[in-house]
2 protein chains.
Amino acid sequence: MKLKLLYSDLKSDLDVIEKELAIAVNSSSHLLNEASLHLLLAGGKRIRPVFVLLSAKFGNYSIESIKNVAVPIELIHMASLVHDDVIDDAETRRGRETVKAQWNNRVAMYTGDFLFARAIEYITALENTYAHEVLSHTMVELCIGEIIQIEDKRLLDQTVRDYLRRIKRKTAILISASCELGAIASQADEKTIRHLKRFGYYVGMSFQIIDDILDITSTDEQLGKPAGSDLLQGNITLPVLYVKNEQSIYPLLMEALDGEISEENKQKLLSEIRKSDGITRAKQVSNMYLEKALNEIKQLPASSAKKSLQNIALFMSKRKF
Amino acid sequence: MKLKLLYSDLKSDLDVIEKELAIAVNSSSHLLNEASLHLLLAGGKRIRPVFVLLSAKFGNYSIESIKNVAVPIELIHMASLVHDDVIDDAETRRGRETVKAQWNNRVAMYTGDFLFARAIEYITALENTYAHEVLSHTMVELCIGEIIQIEDKRLLDQTVRDYLRRIKRKTAILISASCELGAIASQADEKTIRHLKRFGYYVGMSFQIIDDILDITSTDEQLGKPAGSDLLQGNITLPVLYVKNEQSIYPLLMEALDGEISEENKQKLLSEIRKSDGITRAKQVSNMYLEKALNEIKQLPASSAKKSLQNIALFMSKRKF
């Protein structure tokens, strides 16, 4: 995998994080261990710990101290994934398949709660109350973001600003915190911390916009899930926002947001959005954030970590699927 | 109300906590504010903040510093109440009415997540990493307790020890943390902190056992919900554990745990348990914990706070409904 090559020199430290994650999710409950391990083994790219480690390279790098922030950041990411699986009655009926069949809502919820709590417990090993503040504030913002996403669902009367505020909380803030906390844990200077924090924020914004574009432009096979899932779930993303009022799009969009659209009309809607300039305009916004990200990183002294962060930012913002 | 009289001299400080709670749950999401305020106005006895405040009287009492632990403790309690409302499909069909009709699962879950996160964020104002540790460890144990409660549901093959371990996490640990954190926030000495921590633990154990007894011995009117709810939800409590194998009880118990029991048979089962010595034996265990609680408090210097803690312990362990 290409992304992994970009941070192959972090391998041994990422292994440390992986081992610590396994220890952190261990508890006296068999069911909890099963659920947590399932999540852990499902893997994921561990991109947030990578941001933590690379950012820490701009200070006094010591894996023993940095793991105290890398582990909780990934635990919070895992917790939010499992909470995303908790569903409503109504949604079950709409046939979402994402919820893990072997767990019910309550197990998924309490597993997520446990991972959140462990994250917070884990970071207390770092005797730095400012780091605790950053992590807990990040969690608060993530939760507000989830509720706002519910509020904004199926709401056509929303602005680009609403969208940007939503993805900030949904994605950008955790990547931003990864960079900031990596720098804090390695006692980088304040200016460096600020650049890295902003870098993470901009990369996160750029990445999420691309993710939302790909949900429309990719094939089902490339995505590993049906294209247009966001729309079917009622999430209105940037490319759609730009063209929602166009004659060829509006009626189909209403059908999709009602969750009652036929497969044929869904394909027609996706094809109309692809043809529109919504995609191009969304890409421009993503590129603007990428530029801002690269600009922040430019201010930092030359190093292999700097080169890696630049490459990862480019990779995340330029990926095709 | 009798309990309130026991701590009437805390009134103005409890008002401070109440105002701080309202500030803490405020966010930029309208839906979240609505859900949180609903929870806040539903009130509750605020017994955990009372334990925090009274315990803090054994050190350098300052409400400005103590609110930093009293508020998060109550937020965590509120979060666990709202998460308790998240239900499974299967359970809806069994007709639980507890879930707030106006919220769905995801809103309840993220509201709880938000309150958890705010709790953690709030305590970071106290520059004492040990207090952060105590709170986050408490949250971890609470979550493990919730999952163990799911694991142990409808499981007749469990011991008194399993039950005690469960109620420790479900109830005792948060009351224990209330006392401990109150003492820590007022910089009480280590011995005092230890006594108060243990006192809270023992009171919590005694209280929960009484609560579980009352679920069987009270009328529907006294409880404000149908007697025997624990059994119908598959939670096996101490009085039941003692007599589960008796001939007059076992077959009815199996029916109840399967969730298929008729109202007539449920009444018969409750009446059989009431007649058995399960109630008496459970009361003895509750009394033993109450004795232990009073014994811890006895070691502390005489004061009106000491008297109040003794009275509250007696009140909580001796209540009739």
Side-chain angles (χ1 to χ4, degrees), chain A residues 27-33 35 76 79-80 83-84 86-92 104-151 165 169, chain B residues 27-33 35 76 79-80 83-84 86-92 104-151 165 169:
Chain A
S27 76
S28 56
S29 157
H30 180 69
L31 180 54
L32 197 49
N33 288 341
I76 287 175
S80 67
H83 273 190
D84 205 42
V86 169
I87 50 164
D88 289 310
D89 231 27
E91 290 181 87
T92 341
N104 57 31
N105 274 344
R106 287 177 72 85
V107 174
M109 179 179 67
Y110 287 123
T111 301
D113 287 2
F114 166 75
L115 296 173
F116 272 137
R118 268 282 200 252
I120 293 294
E121 187 185 41
Y122 201 96
I123 204 176
T124 57
L126 195 75
E127 297 239 354
N128 180 328
T129 52
Y130 183 60
H132 303 184
E133 257 178 78
V134 170
L135 193 72
S136 57
H137 181 68
T138 301
M139 283 172 63
V140 166
E141 291 295 314
L142 279 174
C143 297
I144 296 175
E146 293 287 357
I147 294 275
I148 289 181
Q149 175 149 337
I150 294 172
E151 285 183 291
R165 227 169 356 199
R169 288 193 168 110
Chain B
S27 76
S28 55
S29 156
H30 180 70
L31 179 56
L32 197 48
N33 287 341
I76 287 175
S80 69
H83 273 189
D84 205 42
V86 170
I87 51 165
D88 288 309
D89 232 27
E91 289 180 88
T92 342
N104 58 30
N105 275 344
R106 287 176 73 85
V107 174
M109 180 179 67
Y110 287 123
T111 302
D113 286 2
F114 167 73
L115 296 172
F116 271 136
R118 268 282 200 252
I120 292 294
E121 187 185 40
Y122 201 95
I123 204 176
T124 57
L126 195 75
E127 295 238 356
N128 180 327
T129 53
Y130 184 60
H132 304 184
E133 257 178 79
V134 170
L135 193 72
S136 58
H137 182 68
T138 301
M139 282 173 64
V140 167
E141 290 296 314
L142 279 174
C143 297
I144 296 175
E146 293 287 357
I147 294 276
I148 289 181
Q149 176 150 335
I150 295 171
E151 285 183 293
R165 228 172 349 202
R169 289 193 167 108

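Here is the naming used below: chain letters follow the sequence lines, and residue numbers restart at 1 for every chain.
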Enquirer: What part of A:F116 lies closer than 4.5 angstrom to a heavy atom of chain B: side chain, backbone, both or neither?
Expert: side chain
Enquirer: Nearest 0.5 angstrom please: B:I120 CD1 to A:T124 OG1, how far?
Expert: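 So the gap between those two atoms works out to 9.5 Å.
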Enquirer: If you count heavy-atom pairs under 4.5 Å with chain B, which of A:H30, A:E151, A:R165 comes out on top?
Expert: A:E151
Enquirer: Might you confirm whether atom CD of B:E133 has over 12 heavy atoms from other residues, nucleotides or ligands at distances under 6.0 Å?
Expert: yes
Enquirer: Is it true that a side-chain atom of B:R106 and a backbone atom of A:I147 form a donor plus acceptor pair closer than 3.5 Å?
Expert: no
Enquirer: Taking all non-hydrogen atoms of both residues into account, name the closest pair between B:M109 and A:H83 and its distance.
Expert: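 What the structure gives for the nearest pair is CE-O, 3.1 Å.
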Enquirer: B:E121 and side chain to side chain contact (heavy atoms under 4.5 Å, CB included): which partner among A:M139, A:H137, A:E141?
Expert: A:H137
Enquirer: What residue in B:L135, B:L142, B:T138, B:T129 has the most heavy-atom pairs under 4.5 Å with chain A?
Expert: B:T129
Enquirer: Ignoring hydrogens, what is the shortest heavy-atom contact between A:S28 and B:I144? Give both atom names and the distance.
Expert: OG-CG2, 3.9 Å
Enquirer: Rounded to the nearest 0.5 Å, what separation is found between the SG atom of A:C143 and the CG atom of B:D113?
Expert: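 That separation rounds to 4.5 Å.
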Enquirer: Does any backbone or side-chain atom of B:F114 lie under 4.5 Å from a heavy atom of chain A? Answer side chain, backbone, both or neither.
Expert: both
Enquirer: Is there a donor in the side chain of B:S29 and an acceptor in the side chain of A:R169, or the other way round, less than 3.5 Å apart?
Expert: no
